[in-house]
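So you know, we letter chains A, B, ... as the sequences are listed, proteins then strands, and number each from 1. Please read these numbers as outputs of a predicted model, since none were measured by experiment.
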Number of protein chains: 2
Amino acid sequence: MAEPSAAGIASVVSAIEPIDACAAARARAELDRKTKPRKSLGRLEDLAVQLAATRRTLDLMPLEAAVVVAAADHGYAAHEVSAYPQAVTRQMLANFAGGGAAVAVLARRARARLVLVDAGVVGGPPEPGIVRLDIARGTADATAGPAMTLAEMNAAVEAGVAATAQLAREGVSVLALGDMGIGNTTAASALCAALLGVDAAAVCGPGTGLDADGVARKAQVVDRALTVSGVDASDPLAALSQVGGLEIAFLTGAILGGARERRALVLDGFVVGAAALVAARLAPRSVEYMVAAHLSPEPGHRLVLADLHLEPLLDLELRLGEGSGAALALPIVSAAAALLVEMATFESAGVHDSGR
Amino acid sequence: MAEPSAAGIASVVSAIEPIDACAAARARAELDRKTKPRKSLGRLEDLAVQLAATRRTLDLMPLEAAVVVAAADHGYAAHEVSAYPQAVTRQMLANFAGGGAAVAVLARRARARLVLVDAGVVGGPPEPGIVRLDIARGTADATAGPAMTLAEMNAAVEAGVAATAQLAREGVSVLALGDMGIGNTTAASALCAALLGVDAAAVCGPGTGLDADGVARKAQVVDRALTVSGVDASDPLAALSQVGGLEIAFLTGAILGGARERRALVLDGFVVGAAALVAARLAPRSVEYMVAAHLSPEPGHRLVLADLHLEPLLDLELRLGEGSGAALALPIVSAAAALLVEMATFESAGVHDSGR
């Protein structure tokens, strides 16, 4: 592996182009010829237009999708910020590979490939069916020093960039992004508090099941990490390395790389949202490629989506992570593309057009 | 065809049983053993429980679905209550059969059968692929007298009951219900105003594209129909026959019949909602079988869902009708079932359970 660097990230950022306004206009005009009142398919029409603009074509079908789930462990876990022990990260990654986890079921339903990345899970040997990054086995405790070195953070981001480039070469048009990591909503909370300039209490929630005392403890842990690191909104990569996580760094790279490759990026919940926030701060144009799959009950997620001006497709009180919300939204994404491609026009179907 | 009667409808109503509380409890317990924090799949878990209770089993897969679209014309169309001429009802029904309409595209995506019913469309010969009811070719003008006779209304309801019984025999577990009919949001508005006891202005919206003047005109038409008919909430079948429509009557029957057959009923937007309201007034238990696919921007739809205590799965500003929202929600419904059936348990996957 070549030594990754902040310069490498900057070159990816600078290679991200805006989505194609011409394809968007053509898609909008084509939708207006379809046998339905203008705009009557609501946000599905906006989504179809975004897909055409992302892919620079109206010829979107078949729309091959992959669900990419990055997992890692967190030094935060030492502070009892999760209802589950750290070993569950590795156990769940194996459950993803075995096909029994929610995201595995949902990816199968959506006929999407499931790509599993061990971005730094503690313990255990490499397992078949899981791409393992050799960067670090989990982050350090961010309340006592940096979670990652800059070199580790760069390597994880670069791995995300490389993974999306590979998937793009293999013909994947839509990347649904998910995460796994005991303690990772704490890392996401710290990142979001730093980048949004809000208090820890505003972004910390129950994650996968903390009670009120647990949430208060989590906010204290986030406060301490922010104080110790001194990070703020001025340097998103510094914040990522000091208080973030390896899977969040990988996902940041996947978002930047996916935008560079002009792929649609279907974001899961709060942790992926934190990665999207870092990516957006580095490359504001990357937001044009993003689709928010759902709104998580985690309080920070609403703030992230508002900051990115993204409207979620679903609001079903999903708070599992894993990419489950992103995988669940994939049929809606492919439905939008299918409507653009497959619907008859007023002319072709011989239906009277009111001209509205 | 045997002569249908109100007694026939009453016998269907009395045959509707509650959904199975025991299967619901078993499904809830099974979901709590799955590899995820308790209730972390939010409303998908509630949906899976409802499906198990509806079908009286946890063995839900494969979950065969049909999208049933009923079309009819309306005497209301003479009052310029739609942006489109009446001929579009027939043209769109042909477009459904031809596969080019939104609902046809979405049913294909969801791998659901598309069942098309001409419940009383004006003009044209019977067409292949469309079940045609020989009751009436459209309703009369409800501002001048009853839209249907009681015999016509009963026949349309009974046809809906018979259609779902047939689909149930053929193994369909989920019925997604849709509608087509120029002027039918006016019929739905009149029905909802009568059954909810609200003003016409509270339920009338732009439908498929009226401007503000058009909406005001529509509310006047609804007011006139309500005044002429004198219907109110006390007699839902009288309201259905006096101010409703043939496809709404068919859909009412499909809902009652579907509930009797213990099928899940995925409701599209406002017009199907009006049929659901009639069904709920006749058979309150039928609501237990209903799933609200989406929230339409049509103002009456929110009132209907609130009255039925149904939370929509989607809110994507769809206002097309046709069953498009119901078909779009089908992958979410089948995902819920797949999660219940296919997810690993903590025990089977060897994942540590925090016991929450």
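Residues B/M343 and A/A101 share a closest heavy-atom pair of CG-C, 4.2 Å. Taking both residues in full, the closest heavy atoms of B/G42 and A/L318 are given as N-CD2, 4.4 Å, listed atom of the first, atom of the second, then distance. Annotation for A/M92 and B/T35: closest pair CE-O, 3.6 Å, computed over non-hydrogen atoms.
Taking chain A as the reference chain and counting heavy-atom pairs below 4.5 Å, the highest number among B/A110, B/A349, B/P85 is found for B/P85. With chain B as the partner, the residue from A/V341, A/L44, A/L41, A/V88 showing the most heavy-atom pairs under 4.5 Å is A/L41. Comparing A/S324, A/S40, A/G100, A/S348 by how many heavy-atom pairs each has under 4.5 Å with chain B, the most go to A/S40. Across A/L313, A/D46, A/L316, the residue that shares the most heavy-atom pairs under 4.5 angstrom with chain B is A/L316.
Few gaps surround CZ on A/R43; more than 12 heavy atoms of other groups in view lie less than 6.0 Å from it. More than 12 heavy atoms of other shown residues, nucleotides or ligands fall within 6.0 angstrom of atom CZ in B/R217.
Here the CG-CG distance, from B/L106 to A/L339, works out to 4.5 Å after rounding to the nearest 0.5 Å. Annotation: the span from B/F346 atom CZ to A/Q91 atom CD amounts to 9.5 Å, rounded to 0.5 Å.
Of the two parts of A/E45, neither the backbone nor the side chain holds a non-hydrogen atom closer than 4.5 Å to a non-hydrogen atom of chain B. Interface residue A/R108: only side-chain heavy atoms are found under 4.5 Å from chain B. Using a 4.5 Å cut-off between heavy atoms, A/L47 does not touch chain B at all. Of the atoms belonging to A/A87, not a single heavy atom falls under 4.5 Å from chain B. Looking at A/V351, both its backbone and its side chain come within 4.5 Å of chain B, counting heavy atoms on both sides. Of the two parts of B/L314, only the side chain, counted from C-beta on, holds a non-hydrogen atom closer than 4.5 Å to a non-hydrogen atom of chain A. Contacts between A/K34 and chain B at a heavy-atom distance below 4.5 Å are absent for every atom of the residue. With a threshold of 4.5 angstrom between heavy atoms, B/F96 does not approach chain A through any atom at all.
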With side chain to side chain contact (heavy atoms under 4.5 Å, CB included) as the test, would you mind laying out the steps for B/E322 and A/K36 before giving the verdict?
CA-CA 10 Å; B/E322 296 184 4; A/K36 57 171 185 55; 5.5 Å; no
Report the C-alpha distance between A/R319 and B/K39 in whole Å, list the side-chain angles of each, state the deciding distance to 0.1 Å, and finish with yes or no for side chain to side chain contact (heavy atoms under 4.5 Å, CB included).
CA-CA 8 Å; A/R319 53 181 180 78; B/K39 302 193 193 305; 4.1 Å; yes
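Counting heavy atoms from C-beta on, the side chains of A/D315 and B/D315 never come closer than 4.5 Å.
Within residues 329-338 of chain B, the residues that have a heavy atom under 4.5 Å from a heavy atom of chain A are B/P331, B/I332, B/S334, B/A335, B/A338, listed by number.
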